[in-house]
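In what follows, a structure is listed as structure tokens, so that the remarks can point back to it.
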Amino acid sequence: MQFVDETSITVEAGRGGNGCLSFRREKYVPKGGPDGGDGGHGGNVYLIGDESLNTLIDFKFQRFYKAQSGQQGQGRQMSGKAGDDLHVKVPVGTTVIDEDTLEVIADVTAEGQVVLVAQGGRRGLGNIHFKSSTNRSPRRTTPGTDGERRKLRLEMKVMADVGLLGMPNAGKSTLIRAVSAAKPKVANYPFTTLVPNLGVVKLGTHEHFVMADVPGLIEGASDGAGLGLRFLKHLTRTRLLLHVVDAAPFDESDPVVAVEAIAQELEQFSPTLAELPRWLVINKLDLLPAEEREARVADIASRLDWQGPVFRISAISSDGTGELVQAAHRWLTEQRQLENDDEEAAEREREMRRRMEAESVERVEAHQTRLRVKRGEVVEEFDDDDDDHDVEVEYTR
């Protein structure tokens with residue numbers, strides 16, 4: 001299945017039906033009077049969250065959605081039929097943005113969540129409404145109003161509890177393969193991951209969480225370099241970040257410099273995203289002699305002045321991965337319990353999500369504006385034709 005995570009569509013609600021100008025005409029009924037009925041209301045356009053969808057590919061081929069218009073009123077005080085509402089399914093995790101105002105209309109974060117995005121036109125009134133003691137034969141009606149028309153940008157962000165980030169070839173895809181049934185491409189060269197991959201990490205019958213492997217980031221990612229800007233936004237849905245670090249880079253680069261570069265990119269993309277809990281996961285320790293491993297970990301943590309948790313793993317052999325996912329699951333469980341018991345904590349979490357969303361939209365729009373200026377042209381819609389890849393969600397047994 002092709003993976004499209006950003007697209008633009010136009011929605012238009014139905015027009016309201018016009019009121020009817022009619023007079024009663026029956027045998028043996030003199031002076032029947034006005035009997036023009038009202039028109040029907042125009043249909044609304046709604047977006048509905050659907051967990052069975054994991055891409056916006058359908059919107060690549062159909063960009064315009066219009067609800068049914070209301071029917072015109074008729075004689076004998078008969079109202080026109082209201083237009084049918086249009087319900088459009090979108091993946092859970094879709095952010096709906098008004099392209100003209102950049103207002104975030106809604107975040108579709110739950111199965112079955114319904115969002116009104118275009119209000120139908122109001123019905124027109126028939127001449128029966130204008131009858132009075134001084135005007136027994138009114139010839140006045142009102143027309144139906146146009147339905148609301150909006151240009152929307154849909155941005156899908158993967159719904160995950162834990163996000164993996166790090167430089168290309170740090171071992172993120174290998175890690176998600178080790179702890180879930182997801183099978184992203186793994187190879188000994190950078191940028192083997194081109195789209196987010198989701199894996200469901202199961203620890204028991206009813207204990208699991210979703211992990212997201214985001215394409216590797218490089219310096220300048222928050223300004224559009226590499227694949228960063230397009231996929232940094234997916235991290236805003238997560239609760240916990242695992243910063244995967246290659247303990248023995250093949251190019252002999254400094255892991256500390258790599259960590260600091262990624263941290264800077266997070267800060268520039270969204271200061272609120274940079275405040276998310278982030279754990280240091282030092283990977284590929286199996287490539288070092290056993291007697292050097294602990295010294296390498298201590299050196300990296302010391303030079304970074306790292307205050308949070310530090311985990312030592314070898315994803316390819318699954319060494320240390322069990323302890324990592326158990327710790328992540330415990331932390332997620334405690335956070336959910338805290339938010340359930342403390343309304344203030346829950347509100348702080350919601351406010352943080354709102355800030356991250358606003359900062360993400362602002363950063364992406366600023367990048368698009370720079371591209372328009374550089375090309376010397378006005379771009380009406382975002383082009384997602386080159387963002388078609390495969391994405392899979394798989395469950396462990």
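Atoms considered below: every heavy atom in the structure, side chains included; atoms not considered: hydrogens, waters and symmetry mates.
Side-chain contact, His129 with Asp38: a donor N or O sits under 3.5 Å from an acceptor N or O. No donor-acceptor contact under 3.5 angstrom links the side chains of Gln62 and Asp58, judged on distance only. In the model, Asp107 has a side-chain atom that pairs as donor or acceptor with a side-chain atom of Thr95 under 3.5 Å. Counting only N and O atoms by type, the side chains of Ser22 and Gln74 include no donor and acceptor under 3.5 Å apart. A donor-acceptor pair shorter than 3.5 Å can be found between the side chains of Asp286 and Ser314.
Relative ring orientation between His87 and Tyr46 is described as parallel, the plane-to-plane angle staying below 30° on a 0-90° scale split at 30° and 60°.
Of the candidates Asp161, Thr238, Val179, Val179 is the only one forming a side-chain contact (heavy atoms from CB on, under 4.5 Å) with Met211. Between Arg354 and the choices Glu359, Glu349, Glu347, the salt bridge (Lys or Arg N to Asp or Glu O under 4.0 Å) rule is met once, by Glu347. Each of Arg239, Arg348, Arg350 was compared with Glu339 under the salt bridge (Lys or Arg N to Asp or Glu O under 4.0 Å) criterion, and only Arg239 meets it.
Under a cut-off of 6.0 angstrom, the local environment of CZ in Arg139 is sparse, with at most 12 non-hydrogen atoms contributed by other residues, nucleotides or ligands. The environment of CD in Glu344 is sparse: at most 12 heavy-atom neighbours from other residues, nucleotides or ligands sit within 6.0 Å. Heavy-atom neighbours of Arg76 CZ from other residues, nucleotides or ligands within 6.0 Å: at or below the threshold of 12. Atom CG of Leu276 is surrounded by more than 12 heavy atoms from other residues, nucleotides or ligands within 6.0 Å. Counting heavy atoms of neighbouring residues, nucleotides and ligands inside a 6.0 Å radius, atom CZ of Arg140 does not exceed 12 of them. Other residues, nucleotides and ligands place no more than 12 heavy atoms under 6.0 Å from the CZ atom of Arg122.
Salt bridge status for Arg15 with Asp146: present, with a side-chain N to carboxylate O gap under 4.0 Å. Checked for salt-bridge contact, Arg303 and Asp254 meet the test: a charged N lies under 4.0 Å from a carboxylate O. Between Arg330 and Glu334 there is no salt bridge, since no side-chain N of the basic residue sits under 4.0 Å from a carboxylate O of the acidic one. Ion pairing of Glu294 with Arg296 is absent here, as no side-chain N (NZ or NE/NH1/NH2) approaches a carboxylate O to less than 4.0 Å. One finds no salt bridge joining Arg150 and Glu12 here, because no Lys/Arg side-chain nitrogen approaches an Asp/Glu carboxylate oxygen to under 4.0 Å. Ionic pairing of Arg25 and Asp35 is not present here: no N-O contact between side-chain nitrogen and carboxylate oxygen is shorter than 4.0 angstrom.
Closest heavy-atom contact between Val200 and Ser180: O-CB, 3.6 Å. Taking every heavy atom of both residues into account, Leu175 and Ile313 meet most closely at CD1-CD1, 3.9 Å.
Atoms CD and CG, from Gln77 and Asn127 in turn, are 9.5 Å apart once rounded to the nearest 0.5 Å. Taking CG of Leu285 as the reference point, atom CZ of Arg312 lies at 8.5 Å (rounded to 0.5 Å). Note that the OG atom of Ser79 and the CZ atom of Arg123 stand 5.5 Å from one another [nearest 0.5 Å].
Taking the side chain as every heavy atom from C-beta outward, Arg149 and Val11 never approach each other to under 4.5 Å.
Taking the six-membered ring for Trp and the full ring otherwise, Tyr65 and Phe59 have centroids separated by under 6.0 Å.
The closest donor-acceptor contact from the side chain of Glu292 to the backbone of Leu288 lies at 3.5 Å or more, if one exists at all.
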